[in-house]
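Comments concern the structure below.
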Amino acid sequence: MKIIVGQGSCGIASGAAKTTAEFVKLISQRGIDVPVEKTGCIGNCYLEPIVDIRSDGGALITRYVNVQPDMASEIVERHIVGGEVVTEYAISAPDEGFLGSQERIVLRNAGIIDPESIDAYLAAGGYKAIQKALGGMTPEDVIAEVKLSGLRGRGGAGFPTWFKWNAARENASDEKYMVCNADEGDPGAFMDRSVLEGDPHSLLEGMTVGGFVIGASTGVIYVRAEYPLAIHRLEKAIGQARERGYLGKNLFGSGFDFDIYIKAGAGAFVCGEETALIASLEGERGMPRLKPPFPAQKGYWKQPTNINNVETFANIPWIIANGGAAFAAIGTETSRGTKVFALAGKIQKGGLVEIPMGLPLREIIYNIGGGIKNGKAFKAVQMGGPSGGCIPAELIDTPVDYESITKTGAIVGSGGMIVMDETTCMVDMARYFLDFTRNESCGKCNYCRVGTKRMLEILERITAGDGREGDIELLEELAVKIKDGSMCGLGQTAPNPVLTTLRYFRNEFEDHIKHKKCTAHSCKALITFSVTDACKGCGACKRNCPSDAITGSPRAKHEIDAAKCVKCGMCETVCKFGAVARD
Amino acid sequence: MQAAHTGTREHGVFAELAPVIAQYRGVRGSLITILQKAQDIYGYISEDTINYIASGTGITPAKIYGVATFYTQFRLKPIGKYLVMLCKGTACHVNSSDEIRAAINSYLHIDDGETSEDGLFTLNTVSCLGCCSLAPVMMIQTPEGEDTYGSLTRERVRDILSDIAEKERGAK
């Protein structure tokens with residue numbers, strides 16, 4: 001028997017390190033011989049810290065959830081020593097359903113194996129794919145297999161992987177590079193972090209296969225500095241792989257040399273664009289350049305370079321080991337396989353889900369995600385981050401595949417799925433994304449640099465209650481010009497969040513501009529706070545009000561002076577009777 | 001993992017940075033790595049540091065400044081002992097990270113990029129920490145490492161910050 005604690009960033013943030021320490025202490029106090037091990041993120045972030053009791057062979061016996069340190073002694077005494085499941089702490093049947101409709105290829109090992117142990121990866125069938133590739137397949141065979149699988153780039157653009165590999169292969173050069181984009185810049189996306197933290201060897205293996213195919217001997221992982229744990233585990237994994245001879249010279253006696261090193265990014269969203277990423281790898285400002293030449297022709301240090309995203313690479317070992325046809329059997333006609341989504345926002349059960357392509361949004365949000373938090377009404381789901389858009393409630397039966405999502409005006413993107421409820425203001429969401437892209441524009445193209453700023457200013461004044469007649473038309477005009485006048489994907493897609501919200505929620509823009517109303521009661525400038533008859537006169541709001549705007553005697557209904565109110569919402573937060581209303 | 005910013009610079013002597021420069025001198029494409037190591041050592045990139053890197057690598061100070069200001073990771077001003085990184089990713093925004101920011105503002109009297117008068121805290125808003133299911137989230141970089149805090153409320157953020165301030169007062 002062994003105890004396994006989930007230690008991804010989310011788990012650690014929920015206290016997994018303290019829980020682990022408590023188990024280690026208790027086990028040693030009792031003098032029992034049960035190892036306490038760590039694993040990556042299993043996906044149910046809302047249940048962290050998660051503690052699995054597994055057999056020596058790794059089979060799951062019981063999963064305990066939300067395990068705080070004070071629960072550890074009971075689990076040790078009753079389960080580890082006494083052999084009885086502590087049912088009150090164990091995962092409930094509905095929560096087990098969170099994993100039910102999922103199909104795990106990318107996340108096949110995440111949350112199961114110890115990410116810091118190469119032996120654990122090997123025991124799970126790791127490094128078999130690279131041996132198969134090197135042991136008798138030609139690069140063309142591998143490309144054919146990847147083509148058969150139908151795998152498309154998981155970073156956002158959805159470009160066929162085999163095509164990119166083939167292009168890089170066909171450009172002859174003594175020096176080529178296999179680059180992994182692990183910069184995961186989309187706010188609201190954490191699929192790649194989970195793979196990096198939970199199964200780093202699968203990325204290394206996928207990159208090695210790719211290196212073999214295109215004829216590269218060097219791999220570079222461009223990983224964001226905001227992921228310190230991911231970098232730590234990658235470094236460890238690379239060290240172990242080198243020790244075993246899975247990276248380095250003459251891999252598996254095939255004569256093929258391949259090594260991987262890490263470059264930590266320094267924080268720039270635009271570096272998700274391939275040519276900007278290459279500039280950053282070269283130590284420059286991460287500014288995109290014109291294509292062609294494409295990276296496959298002239299990339300890193302002007303040599304043929306192939307760039308794929310973490311999730312794309314993590315699929316590769318599975319495809320090689322199980323065959324392209326097995327992958328292609330999952331998903332839809334044009335979108336094969338599975339995709340990992342990061343489910344967050346106003347959702348009951350947030351976390352990572354890996355589903356076959358083509359599953360309807362409703363299935364993901366309601367059956368897997370458990371619906372909307374606090375019994376509120378579902379309003380929209382944002383997909384594709386700052387390049388994507390908001391899909392409204394009436395389109396909830398849209399299947400999640402590249403084509404269907406693009407039709408709505410959003411994109412599958414890298415897999416961020418932010419759920420919004422009736423209290424989310426769509427004008428504010430448009431403002432939020434424009435603020436992001438304006439900040440992240442590299443400044444090279446005028447329309448992107450200045451145009452996004454102008455759009456942001458308009459959205460800011462609308463949310464501040466100063467919207468003018470004609471603002472919507474102005475936004476639409478700027479949106480088209482920014483798309484046309486920008487060189488790279490950042491500018492070309494920056495107006496998308498505004499365009500999709502205008503398409504589906506135009507009335508909200510009009511309410512803000514014409515009636516000075518925010519129907520979601522979210523824009524501070526457009527709401528007033530008042531005390532309702534539910535008030536018991538406890539005085540909590542009065543004591544906590546930072547601007548002394550609340551008056552009232554004990555046990556009598558209180559009043560808010562609108563002239564003094566700074567709309568911080570503190571009264572609403574502290575009121576135990578729900579007696580503060582927004583209008 | 002982040003170092004503890006213990007480096008000292010005196011009279012133009014960069015004892016801890018010199019070996020870094022020696023290691024990367026002539027290695028093409030190393031500027032960002034050098035800047036990251038310099039910031040690990042000194043906590044920020046000063047004008048002196050830029051000039052020192054320039055003289056050691058032959059890269060012009062203008063170019064180093066250009067790179068240092070392009071990326072959000074680099075700071076040109078010193079920071080407090082505790083760096084509070086408040087996530088403003090989409091999930092955090094939807095879950096009212098603005099209110100958490102207001103709570104930090106009102107408790108520490110600092111806004112984005114500012115350092116508290118006692119030099120203890122610096123607030124930085126960051127684009128996404130990738131703990132979206134625990135939104136709103138912040139990460140605090142301490143001399144010992146990083147701590148991530150999720151599911152924040154105004155009360156909780158105030159408790160976390162006052163615990164740190166308390167501990168520091170006790171240590172004095």
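All heavy atoms count here, side chains included; hydrogens, waters and symmetry mates do not. Quick note on labels: first sequence line is chain A, next is B, and so on, each numbered from 1.
- Ranked by heavy-atom pairs under 4.5 Å with chain B, the first of A:M429, A:Q382, A:M191, A:E184 is A:M429.
- Between B:C128 atom SG and A:F190 atom CZ the span is 8.5 Å, to the nearest 0.5 Å.
- Within the 4.5 angstrom heavy-atom criterion, only side-chain atoms of B:T33, from C-beta onward, approach chain A.
- With a threshold of 4.5 angstrom between heavy atoms, B:K63 approaches chain A through side-chain atoms but not through N, CA, C or O.
- With a threshold of 4.5 angstrom between heavy atoms, A:S522 does not approach chain B through any atom at all.
- The minimum heavy-atom distance between A:A13 and B:L134, with the atom names listed, is CB-CD1, 3.7 Å.
- When each of B:C92, B:G89, B:C132, B:A91 is scored by its heavy-atom pairs under 4.5 Å with chain A, the top score falls to B:C132.
- Residue A:N439 touches chain B through its side chain alone, counting heavy-atom pairs closer than 4.5 Å.
- Between chain B and the residues A:T573, A:I231, A:V419, A:D186, the largest count of heavy-atom pairs under 4.5 Å involves A:T573.
- With a threshold of 4.5 angstrom between heavy atoms, A:Y227 approaches chain B through side-chain atoms but not through N, CA, C or O.
- At a 4.5 Å heavy-atom cutoff, the contact between A:V270 and chain B is made by side-chain atoms alone.
- For B:K88, the NZ atom is densely surrounded, since the number of other residues' heavy atoms within 6.0 Å is greater than 12.
- With a 4.5 Å cut-off on non-hydrogen atoms, A:R193 touches chain B through its side chain but not through its backbone.
- Heavy atoms of A:C41 lying under 4.5 Å from chain B are absent altogether.
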Got a list of side-chain donor-acceptor pairs under 3.5 Å for residues 341-352 of chain A, not counting sequence neighbours?
from: A:K346; atom 1: NZ; to: A:T423; atom 2: OG1; distance (Å): 3.1
from: A:K349; atom 1: NZ; to: A:P94; atom 2: O; distance (Å): 3.3
from: A:K349; atom 1: NZ; to: A:D95; atom 2: OD1; distance (Å): 3.3

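- Of the residues considered (A:G283, A:A264, A:A225), A:G283 shows the highest number of contacts with chain B, using heavy-atom pairs under 4.5 Å.
- The shortest non-hydrogen separation linking B:C131 to A:S9 is SG-CB, 4.0 Å.
- The closest donor-acceptor contact from the side chain of B:Q36 to the backbone of A:G265 lies under 3.5 Å.
- The part of B:R154 that comes within reach of chain A is its side chain, from C-beta onward, which places non-hydrogen atoms under 4.5 angstrom from that chain.
- By the side chain to side chain contact (heavy atoms under 4.5 Å, CB included) test, B:N51 pairs with B:E47, B:P61, sequence neighbours left out.
- Note on B:T153, B:L31, B:V94: by heavy-atom pairs under 4.5 Å with chain A, the leading option is B:V94.
- Ranked by non-hydrogen atom pairs under 4.5 Å with chain B, the options A:R224, A:E48, A:M420 are led by A:R224.
- The two residues B:G66 and A:R285 make their nearest non-hydrogen contact at O-NH1, 2.7 Å.
- Taking the side chain to side chain contact (heavy atoms under 4.5 Å, CB included) definition, one finds that A:V220 meets it with A:V179, A:T218, A:Y261, A:K263, A:L281, A:Y300, sequence neighbours left out.
- The residue among A:S14, A:A189, A:P546, A:C568 with the most heavy atom pairs within less than 4.5 Å of chain B is A:C568.
- Contacts of A:M570 with chain B are made by both backbone and side-chain atoms, with heavy-atom separations under 4.5 Å.
- Rounding to the nearest 0.5 Å places CD1 of A:I12 at 10.5 Å from CD of B:E146.
- Within the model, atoms CG of A:D428 and NE2 of B:H93 stand 3.5 Å from one another, a figure rounded to the nearest 0.5 Å.
- Atoms CD and OG, from A:E440 and B:S127 in turn, are 6.0 Å apart once rounded to the nearest 0.5 Å.
- A donor-acceptor distance shorter than 3.5 angstrom exists from the side chain of B:T90 to the backbone of A:P187, with no hydrogens or angles considered.
- Interface residues of residues 98-117 of chain B toward chain A, defined by a heavy-atom distance below 4.5 Å and sorted by number: B:E99.
- In this structure, the side chain of B:Y71 engages the main chain of A:G286 through a donor-acceptor pair within 3.5 Å.
- Summarising the geometry of B:I32 relative to A:S280, their closest heavy-atom pair is CD1-O, 3.3 Å, with the distance given to 0.1 Å.
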